[in-house]
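Take a look at the structure set out below.
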Amino acid sequence: MQFEDMHRRHTPEPDLVPILDSLVCVIFFLLFSTSFIELTQMTIPPSVVSSAATASAEPPLTPRLFVAKSSQNSLKLSLVWKGTQPGTSDRQVKRKDKNKPSTELENAVREMAEEFSTKYATEKTIQLALDKEASYQELVNVMDGLKKIFPDLVLISYDEVANKDVL
Amino acid sequence: MDLNEISYNRRKPLALQLAPMIDIFTLIIVFLLKSTVVADVAIVFPSQLEAAVSTQKDSLESFPEIILYNDHLEASFLDLKKPLSEINNISSAELTEYKRKAEVFRSKSDNFSKSTVININLLAGRDNNYKNVFDTVKFLRQIGFQSIQFIAENEMKQ
């Protein structure tokens, strides 16, 4: 007894592997090419010309930090500011070797800056002057102490320290 | 019944499918090409200078470098090598010439690196003094560089 060859329907099977490959490709492309944009809207009011006398602006604080040599083994730090209530804050820091990093100097400067910041939190710029013989390491230590409170540092001339007569 | 004509279910031997394997490798290569970052920010500190130590951990950026030695100043991108004693007494003609060189340097940078042209990385030894640093900063501002980055070694806290 011979059975005839039965005609079988071959059900097509989708080949999943290339489909997955192309999907992964598309996902990677989207990952690398997508950029998020935040749309903002700003409404500018119509300009107004006022004839009334404007209130006088407060004088700027312009805080300045002077680092001077007060004796062979110590530095004097003077923070001076102007504004409606000018003031000054002084501190002495011992230094053994001006070319070695000094955590005492950095911490002293940071404390002075934090003290100033409790009164004038919005002031972010400070002018800095060191003695002309002060080392680059000392400058870096002072800048490290100021950076968190005053991100904007302006170096001013060493002559200002001499003129300030901080000694 | 012809038993010889009954086909048994044969086990197909395992075949290596090359096409998906090539696809996967291509994907891996494309991913690596896109994600590899070649960092060209490397500062070579001159051996004669001992770097200052800082506690800050700001990231280093690739800006033109100026090296401040104890007695002279060097900036290869401006073709500058000058004794520090002459920095404060620089003539207006020389200053104009350095301004021109700085301008030429800026104009050669492509649009993507325009931010590098107003910033300078200043390298100095920790024993150098504030007078030299300030005089250098003043000179750099005179020739048009607006912002100075002071380079120091990060203190490795244990």
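Here is how names work: the chains are called A, B, and so on, in the same order as the sequence lines, proteins then strands, and each is numbered from 1.
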ILVMFWY network linking A:Val24 to B:Ile28, side-chain heavy atoms under 4.5 angstrom: yes

Backbone of A:Asn99 reached by a side-chain donor or acceptor of B:Arg126 within 3.5 Å: yes

B:Phe31 and A:Leu31, any side-chain heavy atoms less than 4.5 Å apart: no

Where A:Asn141 and B:Val53 come nearest, the two heavy atoms and their spacing: ND2-O, 4.1 Å

Interatomic distance, A:Asp21 atom CG to B:Leu27 atom CG [nearest 0.5 angstrom]: 6.0 Å

Residue part contacting chain B, namely of A:Ser157, when any heavy atom lies under 4.5 Å: both

Approximate separation, where rounding is to 0.5 Å, of B:Ser54 OG and A:Glu106 CD: 7.0 Å

Heavy atoms of other groups near B:Lys101 NZ, more than 12 under 6.0 Å: yes

A:Tyr120 with A:Val109, same ILVMFWY side-chain cluster at under 4.5 Å: yes

Geometric class of the B:Tyr130/A:Tyr158 ring pair [parallel <30°, tilted 30-60°, perpendicular >60°]: perpendicular

Contacting region of B:Phe134 [heavy-atom separation from chain A under 4.5 Å]: side chain

Interface residue of largest heavy-atom contact number with chain B, from A:Lys98, A:Gln137, A:Glu138, under 4.5 Å: A:Gln137

Connected via hydrophobic side-chain network under 4.5 Å: B:Val30 and A:Leu20: no

Pair A:Ser135, B:Asp127: side-chain N/O donor-acceptor within cut-off below 3.5 Å: no

Flag if over 12 foreign heavy atoms under 6.0 Å of CD, A:Gln85: no

Donor-acceptor pair, side chain of A:Asp144 and main chain of B:Thr55, under 3.5 angstrom: yes

B:Val137 versus chain A, the contacting section by heavy-atom distance below 4.5 Å: side chain

Closest approach of A:Val140 to B:Ala52 (non-hydrogen atoms, all atoms of both residues): CG2-CB, 3.9 Å

Same cluster (ILVMFWY, side-chain, under 4.5 Å), B:Ile24 and B:Ile29: no

Closest non-hydrogen atom pair, A:Tyr136 against B:Leu122: OH-O, 3.7 Å

Top contributor to chain B contacts, counting heavy-atom pairs under 4.5 Å, from A:Lys148, A:Lys132, A:Glu133, A:Lys100: A:Lys132

Which portion of B:Ile151 sits near chain A, non-hydrogen atoms under 4.5 angstrom: backbone

Side chain / backbone / both / neither for A:Leu155 at chain B, heavy atoms under 4.5 Å: both

Interface residue of largest heavy-atom contact number with chain B, from A:Ile156, A:Thr103, A:Val17, A:Asp131, under 4.5 Å: A:Ile156

CZ/A:Phe29: more than 12 non-hydrogen atoms of other groups inside 6.0 Å: no

Contact winner vs chain A - B:Asn132, B:Leu68, B:Asn128, heavy-atom pairs under 4.5 Å: B:Asn128

Side chain / backbone / both / neither for A:Ile19 at chain B, heavy atoms under 4.5 Å: neither

Inter-residue atom distance A:Ser22.OG - B:Asp23.CG, 0.5 Å rounding: 8.5 Å

